[in-house]
Amino acid sequence: MLQLQKIRENKDAIIDALKKRNIDADVMLNGVLHLDEKRRSLQTELDSTLAESNSISKEIGIFFKNGKAAEANELKAKTTALKEASKKLGDDLNTTTEELQNLLYQIPNIPHESVPGGSTDEDNEEVFREGTIPKLIEGALPHWELAKKHDIIDFELGVKITGAGFPVYKGKGARLQRALISYFLDKNTEAGYTEIQVPHLVNEASGYGTGQLPDKEGQMYHIQADDLYLIPTAEVPVTNLFRDEIVKADDFPIKYTGYTPCFRREAGSYGAHVRGLNRLHQFDKVELVRVEHPNNSYAALDGMVEHLKNILRELKLPFRILRLCGGDLGFTAALTYDFEVFSTAQDRWLEISSVSNFETYQANRLKLRFKDENGKTQLAHTLNGSSLALPRVLAGILENYQTVDGIKIPEVLVSYCGFDSI
RNA sequence: GGAGAAAUGGCAGAGUGGUCGAAUGCGGCAGUCUUGAAAACUGUUGAGGGUCACACCUCCGGGGGUUCGAAUCCCUCUUUCUCCGCCA
């Protein structure tokens, strides 16, 4: 959520910046300013009404104490009108505040100045590429064929017990999954991230805190009986640990990593691009979350990018990094880098990580603040990134590492797997 | 799931209808003393709205109510604790 004060001060600059997202925010922002003005004038009016009735109440108290009931009762009569007025003003104020809030929820984050214009993923800007794309053996297979051939992932079995998009990992497939999770967590904790295990279900307030609600209402699984949501990413529970918190400036950098399954309804997905592991309703992911001082958040983002590069180098997977264009940028992000691994057998790039700086956008909703050098409280910056999303890394490994003698396991994973080929 | 108790500032904990945004202690910060530190002493120390700055307003788990006036009384929800039941 954007800060009201910034909208008041920089309306035109914000409208301009939001054009990168291909939206015309003119009407929305004017609506915000109008409601804000209305809210403040109602607040002022209510405050003075309350101030008056407060002081009368005090006088009444004093009269009663001194045994002057007549005078007290005379004053009581005066408060009736004030009470009615403050009730009405209070109701109006609440309505206006709610309208204002709802409007603010609809305005996405301001893209960072480095975000390129554009509307689709084709307009994303490639900023880095590394690794050689391997020449595949004769008759190389896509991962869903390999999974079947070696009986390591069973998609049909998942359909039977749950539905499409819920695969069952078996034998070496399951073990490889577990190996990847351990390997990622180890790399992250070595880099100073604290490992954490969090609930996989969150309440509504957490959904609003990180911005999945109301923007992505239909994309989360919702358990109606208990009004809880299955997490679409560990970002939600981990970042919400800091909801309504005021941290100390010395606490920075705050760095967490956690493994969770992720649940996504993916309503509206279809076609060849969702085959196999490419798009699932349930998948595993190891996540990085950081809370940073505003002065340091972009350095932190760069640090996360470098960290992920190292992991992909160790896995020896060819990858590239994209800076997302305005049209492809997530609702809450100011700047996002996507990491993609090249899937040789599918001849396409697969997104395996998304690393973002949200600046104060999430913090404003979360009320995540810190005391700065002058003892003033101000909003912190939040960041997160996948390190990494399992299924597509798995797909990349299966496809890129296939040989005539089976699938080789990347060297760094052998000790985690306990075998070197499938 | 059943019965009872409770929820107050960073923490502990007082406060049962009126000068209570809240005693006191601890912690934090600043200062005095000290070569320095510790101890001791002094001061200071919640959040949000509003204002150029004050004033002023709101917040004692959430929501609603009673009252001129609510941390305090009533209703409701949530959470925690104790006991019982069930259980990985």
Side-chain angles (χ1 to χ4, degrees), chain A residues 1-9 32-104 197-209 213 223-229 237 240-252 254 261 291 360 362-380:
Chain A
M1 191 164 66
L2 297 181
Q3 293 171 82
L4 253 177
Q5 207 192 334
K6 286 199 176 159
I7 297 178
R8 270 184 224 151
E9 288 164 4
V32 165
L33 290 182
H34 170 74
L35 284 169
D36 176 45
E37 216 164 286
K38 187 177 169 194
R39 202 209 97 243
R40 277 188 293 165
S41 82
L42 282 169
Q43 178 86 61
T44 310
E45 214 178 322
L46 175 64
D47 284 359
S48 61
T49 310
L50 288 174
E52 197 178 340
S53 74
N54 282 349
S55 79
I56 292 177
S57 289
K58 269 182 193 166
E59 284 178 52
I60 292 173
I62 292 166
F63 276 133
F64 273 125
K65 219 171 224 175
N66 299 331
K68 297 180 177 170
E71 284 91 336
N73 285 321
E74 206 174 299
L75 275 181
K76 267 199 199 179
K78 276 175 74 178
T79 61
T80 320
L82 287 174
K83 240 181 137 178
E84 275 171 29
S86 63
K87 170 122 180 58
K88 185 175 182 311
L89 285 168
D91 289 346
D92 288 352
L93 181 66
N94 285 343
T95 314
T96 307
T97 306
E98 207 173 306
E99 281 173 33
L100 177 59
Q101 191 80 346
N102 287 339
L103 195 52
L104 280 170
Q197 291 193 2
V198 289
H200 301 163
L201 277 74
V202 293
N203 56 29
E204 190 182 41
S206 295
Y208 274 96
L213 292 174
I223 296 167
Q224 283 186 343
D226 297 292
D227 197 18
L228 295 172
Y229 294 86
N240 271 281
L241 296 173
F242 297 95
R243 175 151 46 85
D244 289 320
E245 293 289 332
I246 301 176
V247 300
K248 295 191 225 93
D250 312 346
D251 293 339
F252 295 132
I254 295 171
V291 181
T360 58
Q362 289 184 328
N364 194 29
R365 288 195 185 186
L366 291 161
K367 295 195 171 55
L368 163 48
R369 293 151 296 168
F370 70 100
K371 281 232 191 291
D372 68 15
E373 305 72 33
N374 308 315
K376 264 189 72 178
T377 51
Q378 55 166 306
L379 293 171

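Lettering of chains follows the sequences in order, A, B, ..., and the numbering in each one begins at 1.
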> Any side-chain N or O of Thr377(A) under 4.0 Å from OP1/OP2 of G48(B)?
Replying inline: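 It does, given that an N or O in the side chain of Thr377(A) lies less than 4.0 Å from OP1 or OP2 of G48(B).
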> Reckon Arg39(A) has a side-chain N or O less than 4.0 Å from the OP1 or OP2 of C57(B)?
Replying inline: no
Which atom names give the shortest non-hydrogen contact between [X] and [Y], and what distance separates them?
X	Y	result
Ala380(A)	Ala363(A)	O-CB, 3.1 Å
Leu104(A)	Leu2(A)	CD2-O, 4.1 Å
Phe63(A)	Ala72(A)	CB-CB, 3.8 Å

Just compare [options] and give me whichever is closest to any side-chain atom of [X].
X	options	result
Asn54(A)	C68(B), G49(B), U58(B)	U58(B)
Leu50(A)	U19(B), C57(B), A47(B)	C57(B)
Arg40(A)	A47(B), U51(B), G49(B)	U51(B)
Ser57(A)	C57(B), G18(B), G46(B)	G18(B)
Ile60(A)	C57(B), C68(B), A47(B)	C68(B)
Arg369(A)	C57(B), G69(B), A47(B)	A47(B)
Lys83(A)	U67(B), G50(B), G49(B)	U67(B)

>> Within the structure provided, determine whether Asp251(A) and Lys248(A) are in side-chain contact (heavy-atom separation under 4.5 Å).
In response: yes
Say we look at [N] and [M]: how far apart would their [atom1] atoms be, to the nearest angstrom?
N	M	atom1	answer
U66(B)	A12(B)	C1'	33 Å
G10(B)	U44(B)	C1'	16 Å
C86(B)	U16(B)	C1'	39 Å
C59(B)	G21(B)	P	10 Å
U72(B)	U8(B)	P	14 Å
U24(B)	G15(B)	P	15 Å
U32(B)	U58(B)	P	40 Å
G9(B)	G4(B)	P	27 Å

With no hydrogens and no angle check, do the side chains of [X] and [Y] hold a donor and an acceptor under 3.5 Å apart?
X	Y	value
Ser206(A)	Asn203(A)	yes
Gln3(A)	Asn364(A)	no
Asp47(A)	Gln43(A)	yes

> Out of Thr44(A), Leu46(A), Leu50(A), which one pairs with Leu89(A) under the side-chain contact (heavy atoms from CB on, under 4.5 Å) rule?
Replying inline: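 Passing option: Leu46(A).
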>> Which is more 5' along RNA chain B, the nucleotide nearest Lys87(A) or the one nearest Ser55(A)? Just name the residue.
In response: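 The residue mapped nearer the 5' terminus is Ser55(A).
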> RNA chain B: Thr44(A) or Thr80(A), which has the more 5' nearest nucleotide?
Replying inline: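 Result: Thr44(A).
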> Pairing of RNA chain B as dot-bracket, 5' to 3': ( ) intra-strand, [ ] crossing, | other strand, . unpaired, with Watson-Crick or G-U pairs under 3.5 Å?
Replying inline: ((((((((.[[[..)..(.....]]]((((((.......))))))((((......)))).[[[[[..)....]]]]])))))))....
Whole angstroms only, please: what is the [atom1]-[atom2] distance between [X] and [N]?
X	N	atom1	atom2	answer
Ile246(A)	C11(B)	CD1	P	12 Å
Asn203(A)	U79(B)	CG	P	10 Å
Leu368(A)	A47(B)	CG	P	15 Å
Leu42(A)	U58(B)	CG	C1'	15 Å
Gln5(A)	U51(B)	CD	C1'	13 Å
Lys58(A)	U67(B)	NZ	C1'	17 Å
Leu75(A)	U67(B)	CG	C1'	16 Å
Lys371(A)	G46(B)	NZ	P	8 Å

>> Asp36(A) vs Arg39(A), test: salt bridge (charged side-chain N to carboxylate O under 4.0 Å, His left out). Steps then yes/no.
In response: CA-CA 5 Å; Asp36(A) 176 45; Arg39(A) 202 209 97 243; 3.4 Å; yes
>> Using a 4.0 Å heavy-atom cut-off, does Ser48(A) contact any base of the nucleic acid, only the sugar-phosphate backbone, or nothing at all?
In response: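 No contact at all - Ser48(A) keeps every heavy atom at 4.0 Å or more from the nucleic acid.
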